[in-house]
2 protein chains.
Amino acid sequence: MRKRNACTICAVRQKALCRGLPEDQQGRLNRTAYHRHYDAGRFISGADQRQDWFATVLSGVIKLTKSLPDGRQQIVGLLFPADFLGRPFRGRSPFTAEAATAVELCCLDRCHFEDLLQKTPGLSQLFLERTLDEVDAAREWMFLLGRKTAEEKVASLILLVARRLRRAGADGGAERPAVHWDFPLSRTEMAEYLGLRIETVSRQIRALRSAGAIEVAEGRAIIVRDLAALERMAQKECE
Amino acid sequence: MRKRNACTICAVRQKALCRGLPEDQQGRLNRTAYHRHYDAGRFISGADQRQDWFATVLSGVIKLTKSLPDGRQQIVGLLFPADFLGRPFRGRSPFTAEAATAVELCCLDRCHFEDLLQKTPGLSQLFLERTLDEVDAAREWMFLLGRKTAEEKVASLILLVARRLRRAGADGGAERPAVHWDFPLSRTEMAEYLGLRIETVSRQIRALRSAGAIEVAEGRAIIVRDLAALERMAQKECE
DNA sequence: TGTGCCGCTTGATCTAGATCAAAGGATGGT
DNA sequence: ACCATCCTTTGATCTAGATCAAGCGGCACA
């Protein structure tokens with residue numbers, strides 16, 4: 001029962017890939033899709049390790065990382081609600097996926113999804129558009145990593161997260177970015193995404209705080225006090 | 001005449017996107033596809049500027065860049081022979097394309113290509129796979145930009161170019177990377193791709209040279225003397 | 001009520017790579 | 001043949017951010 005109409009009550013329904021499926025296909029989907037939960041910090045899927053399922057993120061944030069034996073690690077992507085996890089047409093992904101926060105996934109068998117992709121032009125078209133957007137986003141981040149200062153990097157990251165969480169509906173769709181929310185990344189993770197060290201991130205957050213752009217509240221909450229100032233500090237160049 | 005069977009004599013035929021088209025479609029393609037030439041350094045298509053055609057690179061190397069009004073510039077991608085240029089389903093690309101070397105393109109109307117993409121599952125499947133590979137490559141480069149040292153960056157770039165040019169058939173398909181070829185990027189461009197300054201690139205090339213990994217010949221030629229050493233210096237982590 | 005751990009901040013110092021400066025080669029035009 | 005320009009190298013110095021080193025506060029566990 002609950003399972004029959006899971007799609008119709010799904011929070012990310014209008015934003016996720018499933019939008020590319022005709023109504024009747026969604027019904028069939030219901031019968032095979034299943035949910036998974038991961039606590040913050042848990043390993044989800046591994047670099048160079050077979051993964052025989054794909055998923056849509058229902059809630060939470062996932063980080064994609066690459067690391068070297070010598071300990072160097074870099075976050076190469078973040079997945080927010082409605083984003084897709086997995087690497088079709090290739091058994092293994094070159095990156096590791098880990099839950100940055102508690103995560104809820106809606107999963108599908110690899111072969112089932114690849115099958116759907118073949119048979120449903122609307123779906124594969126949508127998937128292609130998403131993937132093209134991801135290339136663009138990755139390239140924007142390359143600019144950040146290669147050319148921005150530490151302060152710009154941190155400001156850009158806060159803006160990125162604010163925008164993405166807003167899009168995910170975390171603040172009920174207000175027309176301006178969420179100003180107050182629990183930041184989904186630890187200082188260490190911020191550093192790993194920005195190509196910085198944790199101490200530098202900490203100092204730059206202090207700088208943004210004294211500039212009045214943001215405020216740091218209890219827990220991991222970050223409050224955007226002055227959006228325009230934050231955008232200025234990000235060099236108006238985030239995403 | 002020449003145009004009729006242009007596809008059948010095309011150098012990148014087996015590697016380019018066109019492979020995703022059935023034979024008879026390739027014939028139709030011939031009638032509308034046309035070639036373009038750009039000299040080294042020429043502007044090809046602009047950030048946020050309408051581009052109503054797509055292209056396959058026949059020869060040469062294209063750089064995709066993003067730059068800020070304050071002069072900071074970053075190369076966010078390189079296109080080699082058989083690669084695809086353009087951004088379907090969105091009028092404008094957020095990046096600028098420029099010829100790094102002399103470039104030959106095989107072009108197609110935007111609407112014609114998007115039409116083909118809709119109608120030809122094989123083509124859109126292939127295009128999707130290519131795009132997924134591009135995301136992976138961009139993320140690998142994010143690791144390089146965020147975590148590698150200057151020396152590792154330069155070594156990685158030389159390896160990347162060697163491999164891509166080999167794949168493009170520049171050395172007739174030898175089973176090891178090309179050891180001798182004209183490097184397609186200037187020092188400035190290398191720096192722009194690596195998130196470094198030109199002086200640093202120059203010094204690191206000197207370092208690789210004194211380590212015996214490479215040799216710099218007249219013109220822009222780079223000779224890979226010791227592939228294993230070069231790979232070691234790239235932290236075995238290039239692409 | 002301790003105590004040990006973890007994530008974060010803050011300060012002091014160090015260094016890889018940036019910046020500043022100058023001086024070769026190449027190459028093309030006259 | 002000469003000059004101008006551009007690309008590259010090399011040297012000297014500077015600095016943003018890394019590294020080293022405490023210290024602090026919250027939280028879990030005994």
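Lettering of chains follows the sequences in order, A, B, ..., and the numbering in each one begins at 1. Side-chain atoms are counted along with the backbone in the values below, which use heavy atoms only and exclude waters and symmetry mates. What you see is a predicted model; the values in this text were computed from it and never measured.
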Over all strands shown, is B/Gly41 touching base, sugar-phosphate only, or nothing at heavy-atom distances under 4.0 angstrom?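 Touches nothing.
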Can you give one letter per nucleotide of nucleotides 23-28 of chain C, 5' to 3': B if a protein heavy atom sits under 4.0 Å from the base, S if only from the sugar-phosphate, - if neither? ------
Any chance you could lay out the side-chain contact (heavy atoms from CB on, under 4.5 Å) test for B/Asp83 and B/Arg164, step after step, and finish with the verdict? CA-CA 10 Å; B/Asp83 284 347; B/Arg164 296 293 267 112; 2.6 Å; yes
Quick one: does [X]'s side chain have a donor or acceptor within less than 3.5 Å of a partner on [Y]'s backbone?
{"X": "A/Arg147", "Y": "B/Gln73", "result": "yes"}
{"X": "B/Lys15", "Y": "B/Ala82", "result": "no"}
{"X": "A/Arg13", "Y": "A/Cys18", "result": "no"}
{"X": "A/Trp141", "Y": "A/Tyr193", "result": "yes"}

Where does the chain B footprint on DNA chain D start and end, counting 5' to 3' with a 4.0 Å heavy-atom cut-off?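 For DNA chain D, the relevant span reads D/dC7 to D/dA12.
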Hey, what's the ring geometry for B/Phe54 with B/Phe84, parallel, tilted or perpendicular (30° and 60° as the breaks)? tilted
Going by side chain to side chain donor-acceptor pair (under 3.5 Å), name the residues that satisfy it together with A/Thr188, two or more places apart in sequence or in a different chain. none
With the threshold set at 4.0 Å, does a side-chain nitrogen-carboxylate oxygen contact exist between A/Arg163 and A/Glu231? yes
Roughly what angle, to 10°, lies between the helix axis at the start of the helix from C/dT1-D/dA30 to C/dT30-D/dA1 and the one at its end, five pairs per end? 30°
Verify side-chain contact (heavy atoms from CB on, under 4.5 Å) between B/Met233 and B/Gln204, making sure each step is shown before the conclusion. CA-CA 11 Å; B/Met233 304 186 106; B/Gln204 297 307 329; over 6 Å; no
Would one find more than 12 heavy atoms of other residues, nucleotides or ligands at under 6.0 Å from atom CZ of A/Arg209? yes
Review item, nucleotides 9-11 of chain C N/O atoms under 3.5 Å of protein N/O:
from   : atom 1 : to       : atom 2 : distance (Å)
C/dT9  : OP1    : A/Arg187 : NH2    : 3.1
C/dT9  : OP2    : A/Arg187 : NE     : 2.7
C/dT9  : OP2    : A/Ser202 : OG     : 2.8
C/dT9  : O5'    : A/Ser202 : OG     : 3.1
C/dT10 : OP1    : A/Arg206 : NH2    : 2.4
C/dT10 : OP2    : A/Arg206 : NE     : 2.5
C/dT10 : OP2    : A/Arg206 : NH2    : 3.2
C/dG11 : N7     : A/Arg203 : NH1    : 2.9
C/dG11 : O6     : A/Arg203 : NH2    : 3.3

Pairs where residues 90-106 of chain A contributes a residue and the test side-chain hydrogen bond (donor to acceptor under 3.5 Å, both in side chains) is met, not counting sequence neighbours: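 Pairs touching residues 90-106 of chain A that pass the test: A/His37-A/Glu104, A/Arg90-B/Asp133.
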For the pair A/Leu85 and A/Leu64, evaluate side-chain contact (heavy atoms from CB on, under 4.5 Å) and give the outcome as yes or no after the intermediate values. CA-CA 10 Å; A/Leu85 170 67; A/Leu64 303 176; 4.3 Å; yes
